[in-house]
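Data first, discussion second: the structure below is written as structure tokens.
Within every chain, numbering begins at 1; the chains are lettered A, B, ... in the order of the sequence lines, protein sequences first and strands thereafter.
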There are 2 protein chains.
Amino acid sequence: MAVESFTTPTVTELVPRQSSRRSHALFVALQKEIVLGQLAPEQALTELDLAQRFQCSQGTVREALMQLSEAGLVKRLPNRGTHVAPCHADDARALLELRRDVECRHLDRVVRRADAALKGDLQAMLNAMRNAARDGDEYLLSVHDRAFHTRLFETADLPLVTPILTRCLIHNHRYKILNSQPNRALEETAERHVPILRALEARDVEALRGLLSHHIATIVDFGPDLTSAEAPR
Amino acid sequence: MAVESFTTPTVTELVPRQSSRRSHALFVALQKEIVLGQLAPEQALTELDLAQRFQCSQGTVREALMQLSEAGLVKRLPNRGTHVAPCHADDARALLELRRDVECRHLDRVVRRADAALKGDLQAMLNAMRNAARDGDEYLLSVHDRAFHTRLFETADLPLVTPILTRCLIHNHRYKILNSQPNRALEETAERHVPILRALEARDVEALRGLLSHHIATIVDFGPDLTSAEAPR
DNA sequence: AACCTACCAATTATCGATAATGCAACCTTG
DNA sequence: CAAGGTTGCATTATCGATAATTGGTAGGTT
């Protein structure tokens, strides 16, 4: 194992080099508006309107829309435009179950490959969550929350599965934010990740599985359905 | 508009209106080459090369590449190009488990909403699989196989989950084709879908779950891991 | 020799303009 | 007045050209 005396972890990779891309900035902005409901489900998005609004060309808007389509936040129909994706409870519940399966099933791989860099990154993300919670910024909190779980799962080294988790995460948070009173116990949400980090440090796969499963099942109250089924494996 | 004799069911919607789009044709062609391994994993794809090869502009190539990225068949890094996605056994196994979860978990919804149109479409796809198998066209067989399972799951009416299944399916088939002797019992693969169709007609959810779970677990031989875990719910 | 810097070739990102498509309202026609 | 065809508008799809970014290389400095 490498020496872990680095005070600042590799946060450099968290905001890679995409900040210089107009289309990516647009993607980030639109994603936020969709998750916050400022762009309503089923709402139509026309490329030239967005181009004028963000002062860029139609092609750049198109690239951003295709990235949103990759995240499942919009649906693009050939020659018929782009619409914000729906957000129904049935889909949300299914995606939450799916997320639990994905995150809980490969924890042995995660623990096996966990190193100091992972620990440092997760700690940094936890602090970012705390800051966002303190500032009452629910969306920023969700951004770092997704980063936390994504970083954790990436350690399993299943690059073809990670995009699926990404999809689940964004829709989980979208449904939560769209169906809850704003600013409800944000600090608590951040602190919920502490025991997960502890179990990871102890390399306790079973404890980790139980914590994550409960953590995910209690994100949104869907009734007893989700908690009844056990975590996979 | 010419008069259509409606001997075949609503296959019109299977190839919607995308055939007239250059980028979609390119997407289909590249997808085939990737799944067949003619484009090797990790191979670099440069946009202008493809534009010249397919006689179209760079933007059109880009759109196709983004669709491939949505399917997880390529990975695009900003300013660093597009590469064919890797294809490792660990990912393939994880995606196969995930596919089984998705397909088996919502069969109650499928059965509840199944109608004559679904039955007709599935029967048509089964016939298409048989034709492809008879012609020894393993890829075409896989195309109709994916269409069969996708059409079945769409009946569950979980539009946010369907794209995830799509992703799993394409990677399942890619791994299978990349890791098997060509033309191995194609007819058998097609006929495997007959009991599934029968159980659907009988509206027997439990039988359907067992059949589908076994059907999926035996696509690729990953050892006893997949068959040991039971189908969810 | 190791390191830093300025350039170069290759590639992607963005742009503005044009072509193609789909939809809806309108008009014709029986 | 209904059915079918036609036109016009709004929007997406495609194109060719230009700008920006990257990685590597050659050259110079300590």
Side-chain angles (χ1 to χ4, degrees), chain A residues 10 12-31 34 39-40 42-71 73-85, chain B residues 1-6 10 12-31 34 39-40 42-71 73-85:
Chain A
T10 55
T12 42
E13 198 58 31
L14 296 184
V15 184
R17 51 193 107 215
Q18 306 178 326
S19 50
S20 62
R21 291 199 312 163
R22 248 164 136 58
S23 63
H24 190 258
L26 226 160
F27 164 71
V28 170
L30 288 176
Q31 171 171 280
I34 292 174
L39 293 175
E42 305 298 350
Q43 181 173 340
L45 302 175
T46 71
E47 297 179 353
L48 285 176
D49 284 357
L50 290 173
Q52 188 165 22
R53 191 179 142 204
F54 287 95
Q55 291 294 300
C56 65
S57 82
Q58 183 196 6
T60 303
V61 170
R62 175 183 292 250
E63 179 140 345
L65 290 179
M66 282 194 274
Q67 289 181 250
L68 288 170
S69 175
E70 194 163 335
L73 290 175
V74 303
K75 45 184 179 181
R76 277 165 53 82
L77 297 179
N79 291 314
R80 305 217 305 162
T82 304
H83 296 255
V84 177
Chain B
M1 180 67 68
V3 182
E4 290 202 49
S5 58
F6 287 103
T10 57
T12 42
E13 199 56 30
L14 297 183
V15 184
R17 48 195 109 214
Q18 307 178 325
S19 51
S20 62
R21 292 197 313 162
R22 247 165 137 62
S23 64
H24 189 258
L26 225 159
F27 165 71
V28 170
L30 289 175
Q31 171 171 278
I34 292 174
L39 292 175
E42 306 297 349
Q43 180 173 341
L45 302 176
T46 70
E47 298 180 354
L48 285 177
D49 284 358
L50 291 173
Q52 187 165 23
R53 191 179 142 204
F54 287 95
Q55 291 296 300
C56 64
S57 82
Q58 184 197 4
T60 303
V61 170
R62 175 183 292 250
E63 179 142 344
L65 291 179
M66 282 192 276
Q67 290 182 250
L68 288 170
S69 176
E70 196 164 334
L73 290 174
V74 304
K75 45 184 179 182
R76 278 165 55 79
L77 297 178
N79 291 314
R80 305 218 302 161
T82 304
H83 296 256
V84 178

What pair of heavy atoms forms the shortest contact from [X] to [Y], and how long is it?
X: A:Ser23; Y: A:Ala64; value: O-CB, 3.5 Å
X: A:Ala40; Y: A:Val84; value: O-CB, 3.2 Å
X: A:Ala51; Y: A:Gln58; value: CB-N, 4.0 Å
X: A:Arg80; Y: A:His83; value: O-NE2, 3.9 Å
X: B:Phe54; Y: B:Ala29; value: CE2-CB, 4.0 Å

In chain order, what residues pass the side-chain hydrogen bond (donor to acceptor under 3.5 Å, both in side chains) check against A:Ser69, with sequence neighbours excluded? B:Glu70
Whole angstrom is fine here: how far is it from NE2 in A:His83 over to C1' in D:dT11?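 To the nearest whole Å, that distance equals 11 Å.
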Atom-pair distance (CG on B:Asn79; C1' on D:dG24), nearest Å: 16 Å
Flag side-chain contact, heavy atom, 4.5 Å: B:Arg62 against B:Arg76: yes
B:Arg22 side-chain N/O to B:Gln55 backbone N/O, donor-acceptor pair under 3.5 Å: yes
For DNA chain C, which residues in residues 59-71 of chain A have a heavy atom at a distance below 4.0 Å? A:Thr60
Please list residues of residues 42-58 of chain B whose heavy atoms come under 4.0 Å from any atom in DNA chain C, ordered by number; otherwise none.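 B:Leu45, B:Thr46, B:Glu47, B:Leu48, B:Gln58 - these, ordered by number, are the residues of the stretch whose heavy atoms sit under 4.0 Å from the strand.
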Whether [X] contacts [N] is assessed here as follows: a side-chain N or O lying under 4.0 Å from the phosphate OP1 or OP2. Is that the case?
X: B:Arg80; N: D:dG23; answer: yes
X: B:Arg21; N: C:dT21; answer: no
X: B:Arg76; N: C:dA13; answer: yes

Do any pairs count as a salt bridge (charged side-chain N to carboxylate O under 4.0 Å, His left out) and have a residue in residues 50-61 of chain A, sequence neighbours left out, and if so which ones?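 Every salt bridge (charged side-chain N to carboxylate O under 4.0 Å, His left out) pair that includes a residue of residues 50-61 of chain A, provided the two are not neighbours, is A:Glu33-A:Arg53.
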Rounding to 10 degrees, work out the angle separating the end axes of the helix from C:dA1-D:dT30 to C:dG30-D:dC1 (five pairs an end). 10°
With sequence neighbours left out, what residues match B:Gln52 under side-chain contact (heavy atoms from CB on, under 4.5 Å)? none
Step-by-step side chain to side chain contact (heavy atoms under 4.5 Å, CB included) determination, A:Val74 to A:Leu30: CA-CA 10 Å; A:Val74 303; A:Leu30 288 176; over 6 Å; no
